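Everything below concerns the one structure shown next.
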Amino acid sequence: VLVSHHIQLVAPRANYVVALERGKLLYQGGAQNFMESSVITTLVQTRHGPIDAGEEKTIETAIEKEDGQAEESTTEETTTLDGPSNIQEATPVLAKPKAPRKLVEDEARAVGRIGKRVWVEYVQSAGGSVFWSIFVAALVLASLSPVLENGWIKVWTGAVNRGDNSRTPMTYIWIYCLITMLGLVMFTLRFFVLYRGSIHASDLLHKKLLKSVLFAPIRFHDTTNRGRLLNRFGKDFEGIDSSLADNFGRSVFNLAAVVTTIATVSFVGGWPFFLSFLILAIFYFEVARVYGQTARDMRRLDSVSRSPLYSIYNEAITGVAILRAFGASSKFLRDMLRCVDTNSS
């Protein structure tokens with residue numbers, strides 16, 4: 001039993017033909033009667049008659065003629081004249097053959113810095129202007145808390161040195177405790193706001209990625225292996241959910257603390273300290289730039305080398321019966337160990 005849409009190819013050699021259209025029976029019977037019936041005209045767009053020997057010979061001659069013209073068009077004849085009757089032979093130049101195209105495309109690795117569009121997408125997914133206003137306010141207040149604590153201690157010690165007894169020691173202690181408690185509240189609030197925005201961004205980005213994969217054209221699923229998709233939804237989103245917000249938050253918090261400390265010490269110490277800070281900042285910036293480029297490329301290599309591991313693991317699970325039937329278990333095991341070694345090294 002052969003089911004096919006190539007009616008003109010298989011119907012003449014069939015013993016019995018059954019034609020169906022949208023679940024309804026159109027014809028059943030012999031092949032000769034089917035070819036002569038009107039049913040075949042409704043199933044095919046063009047109908048070709050039989051080709052006799054003369055037409056077949058004419059077609060072969062035409063094909064050979066076209067091949068000869070194609071060969072002449074792909075060669076270039078170069079002649080050089082040396083005197084009135086000296087002509088060198090032509091040198092044919094053959095066209096280079098094209099490389100065969102791959103059905104499953106190789107995963108490309110990004111190069112260079114992370115684009116501005118990626119950062120804008122994550123910032124917008126985390127929240128709107130209200131969210132980032134609250135985050136910046138909590139960040140500024142948490143960064144100013146140590147400055148306020150040190151400033152109040154300075155006021156306290158200055159009053160003791162001057163012999164000012166207008167405030168009792170308990171007053172200074174209570175005010176210092178209030179400043180410390182306010183700093184702890186702001187310190188906790190900034191992490192709460194940051195992680196809430198991170199959860200919102202992860203949820204929104206996951207929905208966008210899932211929608212783009214589900215509504216992608218069939219060509220995308222034919223040229224993209226399952227391991228790459230599992231890697232995007234698995235390890236990459238694990239980094240977005242767990243480590244991206246923490247690393248981003250700590251980087252911003254440390255930057256705010258450094259800026260606050262530099263501004264305070266420069267205000268007290270003057271221009272010499274600020275100039276020495278600029279010299280050290282240039283040195284640290286160059287070191288951070290080299291480290292950042294190396295760490296970024298290593299993360300990308302790790303992500304690209306993990307996709308084949310997911311892919312071969314998925315293929316081994318779904319096709320375990322075929323692997324055992326053809327005795328290819330050892331080959332798949334070697335391929336999997338090779339992918340693990342590539343990803344680990």
Side-chain angles (χ1 to χ4, degrees), residues 113-156 172-210 231-268 277 280-281 284-285 287-289 291-296 298-300 302-303:
R113 297 181 179 180
I114 300 175
K116 180 182 178 181
R117 183 178 59 86
V118 179
W119 288 109
V120 172
E121 181 71 20
Y122 182 77
V123 169
Q124 292 178 352
S125 301
S129 57
V130 177
F131 165 79
W132 288 108
S133 299
I134 297 174
F135 176 74
V136 171
L139 178 64
V140 172
L141 292 177
S143 301
L144 292 178
S145 177
V147 179
L148 294 177
E149 293 177 5
N150 296 330
W152 183 249
I153 291 177
K154 179 182 178 181
V155 173
W156 188 359
Y172 290 105
I173 293 175
W174 277 110
I175 294 176
Y176 181 78
C177 290
L178 290 176
I179 295 174
T180 304
M181 291 299 297
L182 179 63
L184 290 176
V185 171
M186 292 296 105
F187 182 83
T188 306
L189 179 62
R190 66 180 183 180
F191 274 104
F192 174 78
V193 174
L194 177 65
Y195 288 131
R196 189 179 186 280
S198 173
I199 294 174
H200 185 269
S202 299
D203 181 63
L204 187 60
L205 292 175
H206 184 272
K207 290 180 179 179
K208 289 182 178 180
L209 181 60
L210 182 61
N231 192 15
R232 298 290 89 80
F233 282 98
K235 185 64 177 179
D236 289 353
F237 258 97
E238 179 186 356
I240 295 176
D241 296 337
S242 59
S243 60
L244 180 59
D246 187 66
N247 294 334
F248 174 74
R250 293 186 183 278
S251 299
V252 174
F253 300 156
N254 293 333
L255 178 62
V258 169
V259 171
T260 305
T261 303
I262 295 300
T264 304
V265 177
S266 299
F267 178 76
V268 177
F277 162 73
L280 292 176
Y284 278 104
F285 176 78
V287 175
R289 184 177 62 84
Y291 171 77
Q293 181 178 359
T294 305
R296 185 170 56 245
M298 291 299 296
R299 286 293 185 91
R300 288 170 176 170
D302 177 67
S303 178

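Hydrogens, waters and symmetry mates are skipped; everything else that's a heavy atom, side chains included, is used. This one's a predicted model, so the numbers in the text were calculated from it and none came from an experiment.
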Please determine whether side-chain contact (heavy atoms from CB on, under 4.5 Å) holds for the pair Phe277 and Val265, giving the CA-CA distance in whole Å, both sets of side-chain angles, and the decisive distance to 0.1 Å. CA-CA 10 Å; Phe277 162 73; Val265 177; over 6 Å; no

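Ring-plane geometry between Phe135 and Phe248 is classed as parallel, the angle between the planes falling under 30 degrees on a 0 to 90 degree scale with a further cut at 60.
In terms of heavy atoms, Ser125 sits closest to Lys208 at OG-NZ, 4.3 Å. Here the closest non-hydrogen pair linking Ala126 and His200 is O-ND1, 3.7 Å. Counting all heavy atoms, side chain and backbone alike, Ala256 lies closest to Leu139 at CB-CD1, 4.1 Å. Taking all atoms of both residues into account, the shortest heavy-atom contact from Ser198 to Asp241 is OG-O, 4.2 Å. The heavy-atom pair separating Trp156 from Ile173 by the smallest distance is CH2-CG1, 3.6 Å.
Note that the CG atom of Leu182 and the CG atom of Leu148 stand 8.0 Å from one another [nearest 0.5 Å]. The CD atom of Gln124 lies 11.5 Å from the OG atom of Ser129; values are rounded to the nearest 0.5 Å. With rounding to the nearest 0.5 angstrom, the CD atom of Glu238 is 10.5 Å from the CG atom of Asn231. Distance check: Asn150 CG to Ser145 OG gives 9.5 Å after rounding to the nearest 0.5 Å. Taking CZ from Arg190 and OH from Tyr195, the interatomic distance works out to 10.5 Å, rounded to the nearest 0.5 Å. Atom-to-atom distance recorded for Arg296:CZ and Gln293:CD is 6.0 Å, nearest 0.5 angstrom.
Taking the six-membered ring wherever Trp is involved, the centroid distance between the rings of Tyr176 and Tyr172 does not fall below 6.0 Å. Aromatic rings of Phe187 and Phe253 (six-membered ring for Trp) have centroids beyond the 6.0 Å cut-off, not under it.
Panel note: side chain Trp132, backbone Val123; a donor-acceptor pair is recorded below 3.5 Å. Judged by distance alone, with hydrogens and angles left aside, the side-chain atoms of Asp203 form no donor-acceptor pair with the main-chain N or O of Ile199 at under 3.5 Å.
Contacts of Phe131 classified as ring-ring contact (aromatic ring centres under 6.0 Å, His included), with partners at least two apart in sequence or in another chain: none.
Side chains of Leu205 and Glu121 form a contact here, defined as non-hydrogen atoms less than 4.5 Å apart. Residues Ile175 and Ile179 form a side-chain contact, since some pair of their non-hydrogen atoms from C-beta on lies under 4.5 Å apart. Counting heavy atoms from C-beta outward, Leu209 and Phe237 have side chains that approach closer than 4.5 Å.
Across Asn254, Asp246, Asn247, a single residue satisfies side chain to side chain donor-acceptor pair (under 3.5 Å) together with Arg250, and that is Asp246.
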